[in-house]
Each structure stands twice: as C-alpha cells, then as structure tokens.
Amino acid sequence: MIKKIKKLKKIRLHREGTDTLVYGFIVIAAIALLLWRFIDSKVPFWCFTAIMGTVYCIVINFFRCPIRFFPEEDTTGLVVAPADGRVVVIEEVDEDVYFHERRIMVSIFMSLFNVHANWFPVDGKVKTVTHHDGNFHKAWLPKASEENEHADVVITTPEGTDILCRQIAGAVARRIVTYAKQGEDCYIDEHLGFIKFGSRVDVYLPLGTEICVKMGQLTTGNGTIIAKLK
C-alpha cells in the first residue's frame, strides 16, 4: 500500500491539459444538470454520466505527467527515449533536410493511453527549432514522418554530435507544443514538449550508433536508453 501511495505522489497532470479538463468538466456537469432537472426519466442522465465520465477519465489519463528523473548520473553518449510508447521503426533513412546523409531513425508511437509529454533525449544545446505544416496521416505510417505536421528540434551534444528529434502529429493529434528554444542548453530530465492525443516521435542518429532497443519494445520517456552514441 505504501509503495502505491508513493507512486501516486509522482503523478501529476500536465499544464497543457488544464483548459481541456476544466472546460470539459463544466460542459459535462451543465448537460448532466439539465438532464436531471428537465427530463422526468433519469435513464438519459445516468447513461450520459456513465459514458462521459468514462471519456473524461480517459482524457485525465492522457494528460498524466509523471515526475521522472533519469537514474544514471553519467549521461555521456546516452540517448534516452523522448516519449512513452512502442518502437515502430528502426531503420537507415536518407535525412535530406538538416544532415544530407544517411541516418538511423528510431520511431516511438504513442497511443491514446500513453503519457504524451516529451523529454529531451540527450544533453546538449538546441541548435534549431522548426515547425512544419502538413497532413494528418496515421502516425505509425512511414510517410507520416515527412508528410505530417511536425516540429523538428536539432540538438548538439557536448561531444559535438548533432541529433534530430521530430514530434509528429497523427490522425487524432492536431496540436504539437514545443518548449525547446534555439540556443538554449537542454538536458535529459527536461521536457522538450507535448503532443495532444495519439502521435509519434522520431530520433535521427548517426550511422554507427549502438541501438539499444528492438522493434515492438515498449519505452518509458526519460527512462529507457534507446541508443549509445559512438
């Protein structure tokens, strides 16, 4: 029981969900009150309350923001998962926007039930932050990485290696929030941004990087080591 209480104390709600949760609760409560007061049969009230209560709980779950700290002090060369989810892509690709060379892309897909806060995958300095408008294909499709709306953050590690972290909108996700600012120092344990509802994060790494995850593996944002830079 004590362990469960300690775990609950490490859970908070992300500030990106404040408006959604407050206004959603007001609307649901207002409709429920109207159903209770102006319809003789209480069946509509209880059906509405049960359905919307379930939906509201799912939304609360979505906006969870666990307090996490990477357990290792020495983060030199480590690339940590920027998001909770499942590894859906590990492959070499041509990256022609920033690096103009082949890179290893590791993609993590976040379902509706995952935490959607994003963390910086490495320590370093933010080199560029760019937002690209685009489509809203299903986030797990290969073309989503380039064609969907996305935000790119290029980070230079203390050793001088540039990596790209890409936040991608999905069929449901329609808002990408990026906290990273060009020229600022960034660290593992800090939030890079947030994506509202199902989406994906890609990390582009240099060839020769040791990949520490497998296809289909579940990841914990700011917890799972996905790669080691050479």
Side-chain angles (χ1 to χ4, degrees), residues 10-25 55-56 58-70 79-86 88 97-98 105-141 144-155 163-204 219-224 226:
K10 293 183 178 181
I11 300 296
R12 58 184 176 183
L13 295 179
H14 202 282
R15 64 178 184 269
E16 296 296 339
T18 301
D19 290 347
T20 300
L21 294 173
V22 171
Y23 295 138
F25 179 81
V55 172
Y56 192 77
I58 292 174
V59 175
I60 289 177
N61 179 73
F62 167 80
F63 283 112
R64 285 176 299 134
C65 185
I67 301 172
R68 295 176 182 164
F69 298 99
F70 189 65
V79 183
V80 180
D84 285 15
R86 179 169 53 89
V88 293
V97 178
Y98 302 98
M105 182 176 72
V106 179
S107 300
I108 298 173
F109 174 73
M110 294 172 281
S111 74
L112 184 63
F113 301 101
N114 287 126
V115 170
H116 275 58
N118 302 149
W119 286 263
F120 284 104
V122 293
D123 295 331
K125 176 169 286 191
V126 178
K127 188 174 183 179
T128 62
V129 179
T130 312
H131 184 91
H132 301 267
D133 294 330
N135 298 314
F136 295 96
H137 301 302
K138 293 177 180 178
W140 60 80
L141 295 177
S145 183
E146 296 183 357
E147 296 183 12
N148 278 22
E149 179 173 340
H150 59 275
D152 292 343
V153 179
V154 178
I155 304 166
I163 74 161
L164 166 62
C165 186
R166 174 170 291 168
Q167 299 172 283
I168 303 171
V172 178
R174 297 299 169 112
R175 187 184 176 198
I176 298 173
V177 182
T178 305
Y179 304 139
K181 302 295 182 184
Q182 184 174 338
E184 289 186 348
D185 292 333
C186 61
Y187 303 94
I188 291 171
D189 283 344
E190 292 183 339
H191 281 168
L192 178 146
F194 192 92
I195 311 178
K196 291 192 174 182
F197 303 106
S199 43
R200 164 178 162 180
V201 178
D202 294 348
V203 180
Y204 291 78
T219 62
T220 300
N222 201 49
T224 303
I226 62 172

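Just so it is clear, the structure is predicted and the values come from calculations on it, not from any experiment. Numbers for residues simply follow the sequence, beginning at 1.
- Looking only at distances, no side-chain donor or acceptor of Asn118 sits under 3.5 Å from a matching main-chain atom of Leu192.
- The two residues Gln167 and Ile195 make their nearest non-hydrogen contact at CB-CD1, 3.7 Å.
- Taking CD1 of Ile155 as the reference point, atom OG1 of Thr128 lies at 9.5 Å (rounded to 0.5 Å).
- Taking the side chain as every heavy atom from C-beta outward, Ile226 and Pro121 never approach each other to under 4.5 Å.
- Between the side chain of Asp84 and the backbone N or O of Gly221, at least one donor-acceptor pair lies under 3.5 Å.
- Side-chain contact between Arg68 and Thr220 is present, with at least one heavy-atom pair separated by less than 4.5 Å.
- Within the 4.5 Å cutoff, the side chain of Ser199 has no heavy atoms near those of the Ile168 side chain.
- Of the residues Val201, Val115, Thr219, the one that meets the side chain to side chain contact (heavy atoms under 4.5 Å, CB included) test with Met110 is Val201.
- Note that NE2 of His116 is 6.5 Å distant from OG of Ser111, once rounded to the nearest 0.5 Å.
- The nearest pair of heavy atoms linking Tyr187 to Phe120 is O-CB, 3.6 Å.
- In this structure, Met105 CE and Leu164 CG are separated by 10.5 Å, a value rounded to the nearest 0.5 Å.
- A donor-acceptor pair under 3.5 Å is formed between the side chain of Asp123 and the backbone N or O of Ile188.
- For CZ of Phe25, the number of neighbouring non-hydrogen atoms (other residues, nucleotides, ligands) closer than 6.0 Å is 12 at most.
- Considering all non-hydrogen atoms of both residues, His191 and Ala117 come closest at NE2-CB, 4.0 Å.
- Nearest heavy atom pair, residue Gly85 against residue Ile108, reads CA-CG2, 3.8 Å.
- In this structure, the side chains of Glu190 and Trp119 stay at 4.5 Å or more apart for every pair of heavy atoms.
- Once rounded to the nearest 0.5 Å, the distance linking OG1 of Thr178 with NE2 of His131 reads 8.0 Å.
- Residues Ser107 and Asp202 come closest through the heavy atom pair OG-OD1, 2.6 Å.
- Going from atom CZ of Phe70 over to atom CG of Asp189 covers 8.5 Å, rounded to the nearest 0.5 Å.
- Qualifying side chain to side chain donor-acceptor pair (under 3.5 Å) partners for Tyr98, counting only residues two or more places apart in sequence or in other chains: His132, Asp152.
- With hydrogens and angles disregarded, no donor-acceptor distance shorter than 3.5 Å links the side chain of Glu184 to the backbone of Val126.
- Here CZ of Arg200 is found 11.0 Å from CZ of Arg86. Values are rounded to the nearest 0.5 Å.
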